[in-house]
Each structure stands twice: as structure tokens, then as C-alpha cells.
K.L.:
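The following block contains the structure, expressed as C-alpha cells.
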Amino acid sequence: MHTKTDSEDTSLAPSSPDNSRPTAYYVQSPSRDSHDGEKTTTSFHSTPVISPMGSPPHSHSSVGRHSRDSSSSRFSGSLKPGSRKILPDAATGVGGRHHRKGQKPWKECDVIEEEGLLEDDRSSKSLPRRCYVLAFVVGFFILFSFFALILWGASRPQKPKITMRTIKFDHFGIQAGSDATGVATDMISMNATVKFLYRNTASFFGVHVTSSPFDLSFSELTIGSGAMKKFYQSRKSQRVVAVSVIGNKIPLYGGGASLSTPSGATPLPVPLKLSFKLLSRAYVLGKVVKPKFYKTIDCLLTLHPQKMNAAISLKNCTYT
């Protein structure tokens, strides 16, 4: 050994191998060796790690070792036999302080945000299904209403036709009597049969037919009345309907003084009027489309005593 001069120290200082060589330090990790039935023991093995900054081991290693020792002892105690758990140091890098260049640290809030986005996506996907159901219901209602409107419009022109045929008087007589209060007056009794033709012109539906009372009147006084039995008429068909009109001891109160005779038979023609109303109801589409057809019929006729028990044609009739 010889004494170095100041010039040699100056020339050798920059190229000293101790300064250029990176400084190594050791990281302690828990051992995976464990035995069943026994407590897990903590063992460490040293791994040389090259510090990227070349920092001396005494500055950070003492603090890092202390923190790693405490964390290693905590995590190793919770490990089960045969299990392996990654320490936070392995995920964050050396010493838990440095990350790779361009890599963002992992945050728990990112998972919460992703779950929120998934829930938003599911809710947005469930919304169109409700819209589809609503659109289907509205579309079905519109189509059904349109179809019902077409049926209603097609059924309106197909009105039934009524043709009055004849009326036949079996009995017509006037005689003296008294009403329910005991007032003396002329009273009339009669019995007649009215016939008419009913024809259903509809091509795709039948009708239910009802009527108001058949009223036979003399000088605006009703002397006879009859009721028609309701019936059903199928499509494109017809029938002859007969209705009995009966009057029994109807008080005239002086209105029929010219018609009364001791024998009860009237020698003069008697002007009469027959009135009734028909209602035809069709159920084209259940109770949704049920068109109604009204027909009011008024017929004027004259009863001749010599034509008793003979059918009188009903030609002078109005249909409204």
C-alpha cells in the first residue's frame, strides 16, 4: 500500500466502481411453508432488489423493513394452510410508493362507478320492454276500434224491411154500459188480427226484433191494443208476423154516438188508425258493435160492416 496523491484521488473519484454500481437492498416476504394442524409461522427470505434510483439502503430500508415486518406478521396470521395471498407491496410495486410509468393507481370508486353504469344499462334496457308492451296495447286498441268502426259502418245501410199486409176483424160491436166509476156510456168491444212481412236484409248478422203495443184508435181514442212476441230473424231471411189486437168494453164517452145501434152492429163505415213501432237490434261484434234500427208505422183504414171477417188490405201506411 502506497500513499495516494491528491491528483490520483481526483482522477479516480468519478470512475470509482462504488459510485457507478447500483446499490442493492432486500425485501422480506412471507414464506408459503405451513403445516396442517399447526400454527402458521412466519419466515422470511431475502431477495436482492436493485434500486432504480440507487439510493442507499440505510435511508428507506429501515423504515420499509419495519412497516413490512408489521404487515407481514398481520397478513401471515390470517392465511389458511395451503392458501396464498398477495401483499399490497406486490400490487403497488417496490416499497408501495412507485408505479409504472403511465399506469394509474387502482381505486375502489372505479368499481362502484362501473356497477352504477351496469345498473343504468339494465334499467335502460328494461324501459324499451315496457314501451313495447304499451305500444302493443295501444296499437291493438286502435286496430280493434278501426275494425269495429268498419263493421258499424257496413251494418248501417242493411236495414230491415217491413211491409204491412192485412188486418182482419173477427168482432166489432158497440153497446151501452158503464165505466168503472158507474158513469153510463157506450162501450166498444173488438177483436182483430194484423199481419205484416218482416225481412232481414243483412248479409252477415241477425237481428232481435221487439215492438211497442199495436194501438188501434178511433177519433184519437184507443179502442184496441196488442203486443207482439219478440223474435230473432237470421240474416237474409223473412217471416210473416201476426199480432192480435183486442179491445174489451172500452168506454167511448159520447164519441161513438153515431155508431151505436140497439142491435150493437154499426151500420156506417168506421175510420180507424193503426200505429206501432218496431225495434231491430243486431249484435255484430258482441256488445261492442250493436246497431239499432227503428221503424215507426202508421196505417189508415176504414172498417165496412159488410166486410166483417174479411181481410182488409193495409195499403195506406207510412214508414218512418
Side-chain angles (χ1 to χ4, degrees), residues 160-200 207-233 238-281 293-320:
K161 292 183 177 180
I162 296 98
T163 305
M164 298 304 297
R165 289 289 184 88
T166 60
I167 181 172
K168 180 182 178 182
F169 288 91
D170 299 327
H171 173 71
F172 189 91
I174 299 173
Q175 59 186 2
S178 60
D179 60 2
T181 61
V183 178
T185 181
D186 293 332
M187 307 186 73
I188 187 172
S189 298
M190 53 87 58
N191 186 6
T193 302
V194 179
K195 292 183 179 180
F196 66 93
L197 177 67
Y198 184 93
R199 181 185 177 190
N200 182 14
V207 291
H208 299 265
V209 185
T210 58
S211 74
S212 64
F214 283 61
D215 293 332
L216 188 63
S217 59
F218 168 73
S219 184
E220 298 183 358
L221 178 64
T222 302
I223 61 174
S225 181
M228 183 192 76
K229 294 181 180 180
K230 62 181 180 180
F231 62 91
Y232 173 79
Q233 193 66 34
Q238 62 183 18
R239 72 170 63 188
V240 176
V241 183
V243 180
S244 297
V245 179
I246 301 172
N248 185 22
K249 296 181 180 181
I250 305 298
L252 296 176
Y253 298 110
S258 60
L259 302 178
S260 62
T261 60
S263 60
T266 176
L268 300 175
V270 181
L272 299 174
K273 181 181 179 180
L274 178 66
S275 302
F276 63 96
K277 181 185 292 185
L278 284 178
L279 171 60
S280 304
R281 180 179 300 171
F293 306 98
Y294 296 94
K295 185 72 68 174
T296 301
I297 302 172
D298 297 318
C299 298
L300 298 177
L301 63 129
T302 302
L303 173 61
H304 297 276
Q306 63 274 15
K307 293 184 178 179
M308 193 66 65
N309 295 324
I312 302 172
S313 179
L314 297 173
K315 297 179 180 178
N316 190 12
C317 296
T318 59
Y319 304 89
T320 58

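Here the structure is a predicted model, which means the values were calculated and not measured.
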K.L.:
Output the distance between atom CD1 (Ile188) and atom NZ (Lys249), rounded to the nearest 0.5 Å.
P.N.:
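Here the interatomic distance stands at 14.0 Å.
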
K.L.:
For Leu279, enumerate each residue passing the side chain to side chain contact (heavy atoms under 4.5 Å, CB included) test, keeping only those at least two apart in sequence or located in another chain.
P.N.:
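For Leu279, the residues satisfying side chain to side chain contact (heavy atoms under 4.5 Å, CB included) (neighbours in sequence not counted) are Thr210, Arg281, Lys292, Tyr294.
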
K.L.:
How would you list, by chain and number, every residue that makes a side chain to side chain donor-acceptor pair (under 3.5 Å) with Asp298, sequence neighbours excluded?
P.N.:
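Here the qualifying residues are Ser275.
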
K.L.:
Suppose we screen for side chain to side chain donor-acceptor pair (under 3.5 Å). Which residues come up paired with Ser211, at least two apart in sequence or across chains?
P.N.:
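If we apply the side chain to side chain donor-acceptor pair (under 3.5 Å) test to Ser211, skipping adjacent residues, there are no hits.
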
K.L.:
I'd like to check the ring pair (Phe, Tyr, Trp, His ring centres under 6.0 Å) partners of Phe214; sequence neighbours left out, ordered by chain and number.
P.N.:
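Phe214: ring pair (Phe, Tyr, Trp, His ring centres under 6.0 Å) contacts with Phe276.
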
K.L.:
Could you tell me which non-hydrogen atom of Thr302 sits nearest to which non-hydrogen atom of Ile312, and how far apart they are?
P.N.:
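Closest approach of Thr302 to Ile312: O-CD1, 4.0 Å.
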
K.L.:
Mind checking the CG-CG spacing from Leu216 to Leu301? Nearest 0.5 Å is all I need.
P.N.:
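Nearest 0.5 Å value for the CG-CG distance: 6.5 Å.
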
K.L.:
Can Phe196 and Val243 be said to form a side chain to side chain contact (heavy atoms under 4.5 Å, CB included), step by step?
P.N.:
CA-CA 9 Å; Phe196 66 93; Val243 180; 4.3 Å; yes

K.L.:
To the closest 0.5 Å, what do you measure between CD1 (Ile297) and CG (Leu274)?
P.N.:
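These two atoms lie 8.5 Å from each other.
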
K.L.:
Might you confirm whether atom CZ of Arg199 has over 12 heavy atoms from other residues, nucleotides or ligands at distances under 6.0 Å?
P.N.:
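Incorrect, the count does not exceed 12.
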
K.L.:
With Thr181, which residues qualify under side chain to side chain donor-acceptor pair (under 3.5 Å), at least two apart?
P.N.:
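Partners of Thr181 by the side chain to side chain donor-acceptor pair (under 3.5 Å) criterion, ordered by chain and then number, come out as Asp179.
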
K.L.:
Once you round to the nearest 0.5 Å, how far does CG of Asp186 lie from CD of Gln175?
P.N.:
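Between Asp186 CG and Gln175 CD, I get 9.5 Å after rounding to 0.5 Å.
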
K.L.:
Identify the heavy atoms of Val245 and Gly224 that sit nearest to each other, and give their distance.
P.N.:
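Scanning both residues, the minimum pair turns out to be CG1-C, 3.6 Å.
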
K.L.:
Could you go through the side chain to side chain contact (heavy atoms under 4.5 Å, CB included) check for Ile223 and Phe172 one step at a time?
P.N.:
CA-CA 10 Å; Ile223 61 174; Phe172 189 91; 4.0 Å; yes

K.L.:
Taking all atoms of both residues into account, what is the closest heavy-atom pair of Lys168 and Asn309, and its distance?
P.N.:
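Where Lys168 meets Asn309 most closely, the heavy atoms are CE-O, 3.4 Å.
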
K.L.:
So which atom in Lys315 and which in Ser313 form the shortest heavy-atom distance, rounded to 0.1 Å?
P.N.:
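Result for this residue pair: CG-OG, 3.2 Å.
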
K.L.:
When rounded to the nearest 0.5 angstrom, what is the spacing between NZ in Lys161 and CG in Asn200?
P.N.:
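Reported value, rounded in 0.5 Å steps: 11.5 Å.
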
K.L.:
I'd like to check the side chain to side chain contact (heavy atoms under 4.5 Å, CB included) partners of Ala242; sequence neighbours left out, ordered by chain and number.
P.N.:
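Testing Ala242 for side chain to side chain contact (heavy atoms under 4.5 Å, CB included), a comparison that skips the adjacent residues, returns Thr193, Lys195.
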
K.L.:
Applying side chain to side chain contact (heavy atoms under 4.5 Å, CB included) to Asn248 and Ser189, what does each step give before you reach the verdict?
P.N.:
CA-CA 5 Å; Asn248 185 22; Ser189 298; 3.8 Å; yes

K.L.:
Ser225: what forms a side chain to side chain donor-acceptor pair (under 3.5 Å) with it, not counting sequence neighbours?
P.N.:
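If we apply the side chain to side chain donor-acceptor pair (under 3.5 Å) test to Ser225, skipping adjacent residues, the hits are Asp215.
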
K.L.:
According to ring pair (Phe, Tyr, Trp, His ring centres under 6.0 Å), who are the partners of His304, at least two apart in sequence or on a separate chain?
P.N.:
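None.
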
K.L.:
Which heavy-atom pair separates Thr296 from Lys277 by the least distance, and what is that distance?
P.N.:
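Heavy atoms only, the tightest pair is OG1-CE, 3.3 Å.
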
K.L.:
Where do Gln238 and Gln233 come nearest, in terms of heavy atoms and distance?
P.N.:
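So the two residues come closest at N-NE2, 3.2 Å.
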
K.L.:
Using the rule given for side chain to side chain contact (heavy atoms under 4.5 Å, CB included), can you reason through Ile250 versus Thr222, listing the C-alpha separation, both sets of side-chain angles and the distance that settles it, and then say yes or no?
P.N.:
CA-CA 8 Å; Ile250 305 298; Thr222 302; over 6 Å; no

K.L.:
Nearest 0.5 Å please: distance from the SG atom of Cys299 over to the CG atom of Leu272.
P.N.:
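The SG atom of Cys299 sits 12.0 Å away from the CG atom of Leu272.
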
K.L.:
Who passes ring pair (Phe, Tyr, Trp, His ring centres under 6.0 Å) against Phe231, sequence neighbours left out?
P.N.:
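Expected list: Tyr198.
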
K.L.:
Taking side chain to side chain contact (heavy atoms under 4.5 Å, CB included) as the test, write out the residues that go with Ile246, two or more places apart.
P.N.:
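Only Asn191 meet the side chain to side chain contact (heavy atoms under 4.5 Å, CB included) criterion with Ile246.
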
